[in-house]
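The structure appears below as structure tokens.
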Amino acid sequence: MTDYYFTENPNVEHDEKHWRYTLLGHELKFVSDNGVFSKNTVDFGTRTLLEALPLDVPQSSILDVGCGYGPMGIALAKQFPEARVEMTDVNERALALAERNAEANGVAARTRVYHSDAYAKKLMAETFGNVTVLKKNKGYYILRSEHE
């Protein structure tokens, strides 16, 4: 059976890729690997969603569901320096990369990365209040905000 990026622990050999990419006007550094979505560059859907976001909406807390190696959450953390960014994914390799990328881009102090199952339990136990939710799932993107 083939392991995919939505597998919790992809059983594939490591082959890290490093690159820089400009998102929301910020030049960012990324490392990615086999077993995660869009391992060679920031994917078209992420770029398109970031370009379409209403950047004038107050952003105190951001939730990136299906964060992968973290390009969207990290770009938003750079764009909104006062925001707390929560990132979640099922893929443990992607989560480790998201933490490394947050550190490399100077936003680790304002980001938290969670495995999606643990995060679902946390969401039931706590209310995050004013959260902008970025929902990403297999090729379609939905933006939901309390401010809409």
Side-chain angles (χ1 to χ4, degrees), residues 3-10 15-123 126-148:
D3 284 341
Y4 295 98
Y5 63 88
F6 48 85
T7 303
E8 186 171 5
N9 289 298
D15 182 23
E16 288 190 354
K17 306 290 183 193
H18 299 257
W19 74 90
R20 293 178 183 268
Y21 205 94
T22 301
L23 295 170
L24 300 177
H26 304 279
E27 185 178 338
L28 303 171
K29 299 177 277 190
F30 294 108
V31 59
S32 190
D33 199 352
N34 285 339
V36 302
F37 179 70
S38 193
K39 71 173 185 176
N40 294 307
T41 190
V42 178
D43 69 285
F44 175 78
T46 295
R47 295 188 316 261
T48 302
L49 181 56
L50 283 171
E51 291 169 8
L53 284 176
L55 299 179
D56 58 340
V57 175
Q59 306 288 334
S60 60
S61 185
I62 299 168
L63 173 60
D64 182 357
V65 178
C67 67
Y69 59 88
M72 186 172 299
I74 291 166
L76 291 169
K78 289 296 259 191
Q79 183 70 24
F80 301 107
E82 301 301 317
R84 181 187 74 214
V85 179
E86 314 276 347
M87 297 187 285
T88 181
D89 203 293
V90 68
N91 184 321
E92 294 287 351
R93 185 175 295 187
L95 294 171
L97 292 165
E99 289 176 338
R100 287 174 58 190
N101 288 328
E103 184 70 36
N105 287 288
V107 297
R110 296 184 298 103
T111 59
R112 291 192 298 180
V113 178
Y114 301 93
H115 184 268
S116 62
D117 290 342
Y119 199 74
K121 291 175 188 171
K122 183 175 179 57
L123 280 175
E126 293 181 356
T127 300
F128 282 97
N130 185 18
V131 176
T132 297
V133 177
L134 301 175
K135 176 67 175 115
K136 304 184 299 186
N137 187 356
K138 299 182 188 175
Y140 66 88
Y141 297 77
I142 302 167
L143 172 65
R144 298 185 67 195
S145 173
E146 284 187 8
H147 303 286
E148 294 180 333

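Quantities reported herein were computed from a predicted structural model and do not represent experimental measurements.
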Worksheet item: Listed by chain and number, what are the side chain to side chain contact (heavy atoms under 4.5 Å, CB included) partners of E82, not counting sequence neighbours?
Response: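 Scan of E82 (side chain to side chain contact (heavy atoms under 4.5 Å, CB included), adjacent residues dropped) gives none.
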Worksheet item: Residues two or more places apart in sequence or in another chain: which of them pass side chain to side chain contact (heavy atoms under 4.5 Å, CB included) with E92?
Response: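 Testing E92 for side chain to side chain contact (heavy atoms under 4.5 Å, CB included), a comparison that skips the adjacent residues, returns E8, N9, L95, H115.
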Worksheet entry | Which residues share a salt bridge (Lys or Arg N to Asp or Glu O under 4.0 Å) with R47, sequence neighbours left out |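 Testing R47 for salt bridge (Lys or Arg N to Asp or Glu O under 4.0 Å), a comparison that skips the adjacent residues, returns none.
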Item to complete: Kindly write out the residues that satisfy salt bridge (Lys or Arg N to Asp or Glu O under 4.0 Å) with E51, not counting sequence neighbours, or none if the list is empty.
Response: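 Applying salt bridge (Lys or Arg N to Asp or Glu O under 4.0 Å) to E51 gives none.
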Fill in: Qualifying side-chain hydrogen bond (donor to acceptor under 3.5 Å, both in side chains) pairs, either residue in residues 71-81, two or more places apart
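Residue pairs passing side-chain hydrogen bond (donor to acceptor under 3.5 Å, both in side chains), neighbours aside: H26-Q79.
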[X] to [Y] - nearest heavy-atom pair and separation:
X	Y	value
C67	D89	N-OD2, 3.4 Å
A98	G68	CB-O, 3.7 Å
S61	R84	OG-NH2, 2.9 Å
D64	G73	OD2-N, 3.1 Å
P71	L23	O-CD1, 3.8 Å

[X] [atom1] to [Y] [atom2] distance, which is reported to the nearest 0.5 Å:
X	Y	atom1	atom2	answer
I74	N105	CD1	CG	5.5 Å
M72	M87	CE	CE	11.5 Å
R112	T88	CZ	OG1	11.5 Å
R100	K29	CZ	NZ	12.5 Å

Worksheet item: Less than 4.5 Å apart, any side-chain heavy atom of V42 and any of Y69?
Response: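 Yes, their side chains come closer than 4.5 Å.
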Worksheet item: Can you check whether L53 reaches L76 side chain to side chain, under 4.5 Å on heavy atoms?
Response: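 Yes, close enough: below the 4.5 Å cut-off.
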Worksheet item: Has the side chain of T111 got a donor or acceptor atom that lies under 3.5 Å from a matching backbone atom of V107?
Response: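 Looks like yes, one N/O pair under 3.5 Å.
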Worksheet item: Is there a donor-acceptor pair under 3.5 Å between the side chain of R110 and the backbone N or O of V85?
Response: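 Side chain of R110 to backbone of V85: no pair is present.
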Worksheet item: Relative to each other, are the rings of W19 and F30 parallel, tilted or perpendicular (30° and 60° limits)?
Response: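 Ring orientation, 0 to 90° scale: tilted.
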Only distances under 3.5 Å count here; give the side-chain donor-acceptor pairs of residues 31-38 to other protein atoms, sequence neighbours excluded, each with its distance to 0.1 Å.
residue, atom, partner, partner atom, Å
D33, OD1, D15, N, 2.6
D33, OD2, H14, ND1, 2.4
N34, OD1, K39, NZ, 2.1
N34, ND2, E13, O, 2.9
S38, OG, T41, O, 2.5
S38, OG, D43, N, 3.4

